[in-house]
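Written below as structure tokens is the structure these notes are about.
We're numbering straight along the sequence, starting at 1.
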Amino acid sequence: MDDQQLLRYSRHILLPQIDIAGQEKLNQARVLIIGAGGLGSPAALYLAASGIGHLTICDGDQVDLTNLQRQIIHDSGTIGLAKTQSAKQTLHRINPAIQITAIQTHVDAEKLSQLVPQADAVIDASDNFSTRHHVNRACVTHKKPLISGAAVQFSGQISVFDLRHDGSPCYHCLYPLDGDQEDMPCAIMGVFSPVVGIIGSMQAAETLKILLNIGQSLNGRLLLLDGLAMNWRSVRLNKDPLCPVCRGNGRKN
């Protein structure tokens, strides 16, 4: 790192768990973010500010006026622009030294099979179960840590699924495809804007911890937020031994 980088990241470097060596890890890391909306916005902002060397952001939508209540990476001047391009502009203003790949598409299994192997960590900030299951399957296949978040109305949740560790569950273990879950889009249900900020920021924090190999991640735990009462509940997740996605795929580093 040069003098400017040492100054930019000095508050990270002061932390003994990070130091110069850890910051250099972040500067060389690659993170894939699926979704540039309510969750992806704070996650991307904090990762860019933290110096993640390469961010790849996937989203097929354009910025709409209704997004601006919670999707803080966008602003009134980018309405009508692809969300990935709007996000790229904002992130480069925050940290012009990092690399950003903007992919304007709703990712499918084929696209994920190309993108996930290149990443050190994957953030699922999507808003539908179909995409979440595609992302999960790709992360299981390629043994990449998945940082998953969701929010609707006043509720949020976050977990980590890291199949690099033996016995870890995957997203399908929690929400099997044959389950009774259904998508509840914000356009119908509404969402309290700070909730997506809280969950998205926590996704960034979990990602940084995983990349640095510090602390204890949320692997095997699900945190549930009741934003009205501001209460958190922690649920232990178990691997489904019959899961068709991750059965036989876990191993310990």
*Is the number of heavy atoms from other residues, nucleotides or ligands under 6.0 Å of Glu110 CD greater than 12?*
no
*Counting only heavy atoms not in Asn213, do more than 12 sit closer than 6.0 Å to its CG atom?*
no
*For the residue pair Lys83 and Gln104, confirm or rule out a side-chain donor-acceptor distance under 3.5 Å.*
no
*Audit row: Glu206, Gln203, side chain to side chain contact (heavy atoms under 4.5 Å, CB included) steps and yes/no*: CA-CA 5 Å; Glu206 288 297 294; Gln203 286 181 278; 5.9 Å; no
*Does one side chain, of Gln23 or Asp19, offer a donor that lies under 3.5 Å from an acceptor on the other?*
no
*Is the count of non-hydrogen atoms from other residues, nucleotides or ligands lying under 6.0 Å from Tyr46 atom OH greater than 12?*
no
*Assess whether atom CG of Asp3 is packed by more than 12 heavy atoms of other residues, nucleotides or ligands within 6.0 Å.*
no
*Could you tell me the separation between the CD atom of Gln5 and the CG atom of Asn95, rounded to the nearest 0.5 Å?*
8.5 Å
*Under 3.5 Å, is there a donor-acceptor pair linking the side chains of His106 and Thr131?*
no
*asked:* Ring-plane angle category for Tyr171 and Phe161, please: parallel below 30°, perpendicular beyond 60°, tilted otherwise.
replied: perpendicular
*Under 3.5 Å side-chain donor-acceptor pair for Asn219 and Ser168*: yes
*Indicate whether the side chain of Ser126 and that of Asp124 have a donor and an acceptor atom separated by less than 3.5 Å.*
yes
